Amino acid sequence: MQKTEKNSDSGLLSHLNEAQRAAVAFCDGPSLVIAGAGSGKTRVLTYKIAYLLEQGLPPYYILALTFTNKAAREMKSRIADLVGEKRARRLWMGTFHSIFARILRSEAEAIGFQSNFTIFDSSDSNNLVRLIIKEMELDDKQYRPGVVHGQISRAKNSLITPAMYAANTEIIQYDRMAKRPQLFEIYQRYQSRLRSGNSMDFDDLLMYTNILFRDHKEVLEKYRNQFQYILVDEYQDTNFAQHLIVKQLADAHHRVCVVGDDAQSIYSFRGANIDNILKFKSNFPGTQIFKLEQNYRSTRNIVNAANSLIKKNSEQIFKNVFSENEEGEKIEIRSAFSDFEEALIVSNKIARMRLEKYAGYNDFAILYRTNAQSRAFEEALRKNNIPYRIYGGLSFYQRKEIKDIISYFRLIVNPNDEEAFRRIINYPTRGIGAVTVAKITSTAQRHNVSLWQVVTAPLEYNLDVNTGTAKKLEGFYSLIQGFIDKNETMNAFELAQEIIKNSGIAKEAYDDMTPEGMSRAQNMQELLNAMNEFVETQQEQGEENIRLADFLSEVSLLTDQDTDNEADNERVTLMTVHSAKGLEFDHVFVVGLEEDLFPSAMAKSEIRGLEEERRLFYVAITRAKKSCTITYAKSRFRNGQTNPATPSRFLKDIDSSYIEGGENDFITRTAPADDFWGSMREQRLQNTMSNHTITPKRVVPVQRVASSTPLSKEAQELEVGHIIEHERFGRGVVTSIEMSGNDRRAFVEFESAGKKQLLLKFAKFSIVE
DNA sequence: GTAGGCCCCTTTTTT
DNA sequence: AGGGGCCTAC
């Protein structure tokens, strides 16, 4: 950022530019800070909090809501640098979900929950929806669990309860049109199932907070008084439920500051409503608006290119983002034949740039639209011996073996948790199958109790099972009850060890000597390590009895992004554009710029969707500090098939003057000017084999030859009969070599690409034999 | 009641 | 390519 951090107790404001200073110093009413990409948004938030503390506001009177746990942690530590660890620690700072989960736990009784409620993650939610659909004997093609849950989620984020949903003729009409007339009932059942299991899903954390505030004014009053100043980061990505929470809490004193950038709103699929930021001023009369327009992160070229892109969107708050940094390199757009070659090009460029620019691996990031794209890059990086770290995808806590163990924890802490019960009633196998579980379920429903309660007293509920099964159920009951008893005295780590040992999980894990089994065992060990660490750090901070519940509530809102170990940071970062929000890297590769991928096929039917995709691309480009490379492939392997792909429409949205070789159309501008012939061939090739699939059989790292250097060793030694591996055309045999002017030219018969002629001065290949 | 194999379907992004 | 659901054989 623009100035070096100084730990000074006077003149905090002197570290800021004029716009930032104004935003920080205004504390008497509602304010909206429109912060362009890289304009020091986090800096404003941290300094503002530090400033409030300096003014004498106690830290526990400040509520600061961030988008991710990681953002909260980072901000906290930066504030600690300014005002000291002690005060920083007492701030109420975290994500909406984690802060209000905490509040809901302490106010649980008011809304009819116990404070040990479980939090369902999305896969738990989907499972429950799937189960209900099955119970209602509905067609799960018509009612796809994911889609149904998505609809429920949207309803909750708009604070539409099941009752309101069923009463809303417009929605009912819509569902009927969509051939899902029973959706309201699924929602109803889903919600009451969660409640009877003393569980909440992610959306409930926000919805019940609103219900709590609505129905218990004294509670609302309490938190209104406590949170004397409220700050919200990434406001453009809040939904209605979040907006209303903020509004209610701030309504008495109006000391609220929200920060965001409408141009970076990328979460509408999750209910985020861009209107929250666009209409903030009318929601909070007297709002002061501050605009941060100077970008300190990126070169002028990158900022200008991004601006030219985002200009193509219609709805936005006017702002003029500019940079006073050096002009920097132009954006390079490169095409590849296939996704594999795309990965190869990127990994080669990383290897080269690392040497040329003395960059560390952690200065590089590869950003893609979908998680599935990571695979090709992983492979190419591994082959080039480039260390990398993937964020997202299957997070550690989503792995089956981990979720199974966590389900034990959940059932112990909250025995009414139906989802957890189902997961482990027969894991490891103990002879309690689907039939028995179905009986338990119907018995439970008949008596309106939880599955666990049936198991605690099968006779009382007339559970109809034979003696053998009854015995097995008894065994399961005493196993879990034993853990519940031990939970009274043991700390989280000790109990976890006990569970893994006594449940039979350990035996199963050790017996499995397959590589997958061993990695599962390893993951379990890692979970234990994490728990041990959790317990120890909590103890260091003076907490005494660290119970399973403490670990669980910590862990259920954790995502992969939050668990990064600082130790191995010399790595290239691979992540989706979504998860890159708020981060920055010296050198960024935005990959897969193809129609139906980026923009996603899902989004392009509507203008709104398309504009969101464009904002996403904007976010991707603005992550870059020094250089940005964009790639696309002409064929891509997706869903088990190789399909032809066309370049993304977004490429045309970037003003060509900011693009390397920008005067040419990007279709022909395949590689830097050194490869004119190559691009001609590619075009011909694409025309003649539009429906063919091109997948190199082997991907071999290819030595790159800079065009300015004299002939490479490879090129000098090349002879007729050699077999070569070409960066783009794959493997081929040299049929003849001739001189053309001052240059040698080789004729090569490629296995898949056919006959080609290569100018040896420029060709990128290696000799195989 | 369980295990193993086949077939289907999938994919956008995440707290 | 991969996971999950469903069916069949024991």
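Lettering of chains follows the sequences in order, A, B, ..., and the numbering in each one begins at 1. Values below: every heavy atom of this structure, side chains too, minus hydrogens, waters and symmetry copies. Everything quoted here is computed from the prediction, not taken from an experiment.
Taking every side-chain heavy atom of A:M602 into account, B:dT11 is the closest of B:dT14, B:dT15, B:dT11. Relative to the side chain of A:N426, the nucleotides B:dT15, B:dT2, C:dG4 differ in distance, and B:dT2 lies closest. Side-chain atoms of A:F269 lie closest to B:dT14 of the nucleotides B:dT15, C:dC6, B:dT14. Closest contact between the side chain of A:A372 and the listed nucleotides B:dT14, C:dG4, B:dT11 involves B:dT11. Looking at the side chain of A:H578, the nearest of the listed nucleotides B:dT13, B:dT15, C:dC6 is B:dT13. Here the nucleotide nearest the side chain of A:R375, chosen from B:dT15, C:dG2, B:dA3, is C:dG2. Candidate nucleotides B:dT15, C:dG5, C:dG4 were compared by shortest atom distance to the side chain of A:R130, and C:dG5 ranks first. Out of B:dT14, B:dG1, C:dC6, the shortest distance to the side chain of A:T436 is found at B:dG1.
A:D204 places no side-chain N or O within donor-acceptor distance of the main-chain N or O of A:M207, the cut-off being under 3.5 Å. Using modelled atom types, one side-chain atom of A:E612 and one backbone atom of A:S268 make a donor-acceptor pair closer than 3.5 Å. The backbone N or O of A:G197 sits less than 3.5 Å from a side-chain atom of A:N414, completing a donor-acceptor pair.
Of the side-chain N and O atoms in A:S579, one or more sit less than 4.0 angstrom from OP1 or OP2 of B:dT14. Contact check, A:N239 against B:dT15: no side-chain N or O comes under 4.0 Å of OP1 or OP2. OP1 or OP2 of B:dT10 sits under 4.0 Å from a side-chain N or O of A:R144. Distances shorter than 4.0 Å separate some side-chain N or O of A:T576 from OP1 or OP2 on B:dT14. Between A:R638 and B:dT10, a side-chain N or O to OP1/OP2 separation shorter than 4.0 Å is absent. In this model, the phosphate group of B:dT15 is not approached by any side-chain N or O of A:N69 to a distance below 4.0 Å at OP1 or OP2. Within the structure, every side-chain polar atom (N or O) of A:K70 is placed at least 4.0 Å from both OP1 and OP2 of B:dT14.
The aromatic ring of A:Y267 does not stack onto the base of B:dT13, failing the criterion of a centre distance under 5.5 Å from the six-membered base ring together with planes under 30° apart.
Look at CG on A:D339: it is 12 Å from P on C:dA1, rounded to the nearest Å. Taking atom CG of A:N157 as the reference point, atom C1' of B:dT15 lies 10 Å away to the nearest angstrom. Atom P of nucleotide B:dT13 and atom CD of A:E606 are separated by 19 Å, given to the nearest angstrom. Here B:dT13 presents its P atom at 16 Å from NE2 of A:H149, a figure rounded to the nearest Å. Look at CG on A:L583: it is 15 Å from C1' on B:dT13, rounded to the nearest Å. When the C1' atom of C:dG4 is taken as reference, atom CG of A:N126 falls 13 Å away, rounded to whole Å. Taking atom NZ of residue A:K439 and atom P of nucleotide B:dG1, one finds them 7 Å apart after rounding to whole Å. In this structure, A:I266 places its CD1 atom 11 Å from P of B:dT15, rounding to the nearest Å.
Heavy atoms of A:K472 sit nowhere under 4.0 angstrom from any nucleic acid atom. Nucleic acid contact for A:I432: sugar-phosphate only, since backbone atoms but no base atoms lie under 4.0 Å from a heavy atom of the residue. Using a 4.0 Å heavy-atom distance criterion, A:F67 is classed as a sugar-phosphate-only contact. Residue contacts for A:V435: at a heavy-atom cut-off of 4.0 Å it reaches the sugar-phosphate backbone alone, with no base atom in range.
B:dT13 and C:dG4 have their P atoms separated by 16 Å, given to the nearest Å.
Residues A:E613 and A:R430 each lie close to DNA chain B; by heavy-atom proximity, the contact nearer the 5' end of the strand is made by A:R430.
Under the 6.0 Å cut-off for aromatic ring centres, A:F280 and A:H243 do not qualify, their centroids lying 6.0 Å or more apart.
Distance CZ/A:F617 to CG/A:L309: 6.0 Å, rounded to 0.5 Å. One finds the OG atom of A:S503 at 7.0 Å from the CZ atom of A:R430 (value rounded to the nearest 0.5 Å).
Within a 6.0 Å radius of CZ in A:R608, no more than 12 heavy atoms belonging to other residues, nucleotides or ligands are found.
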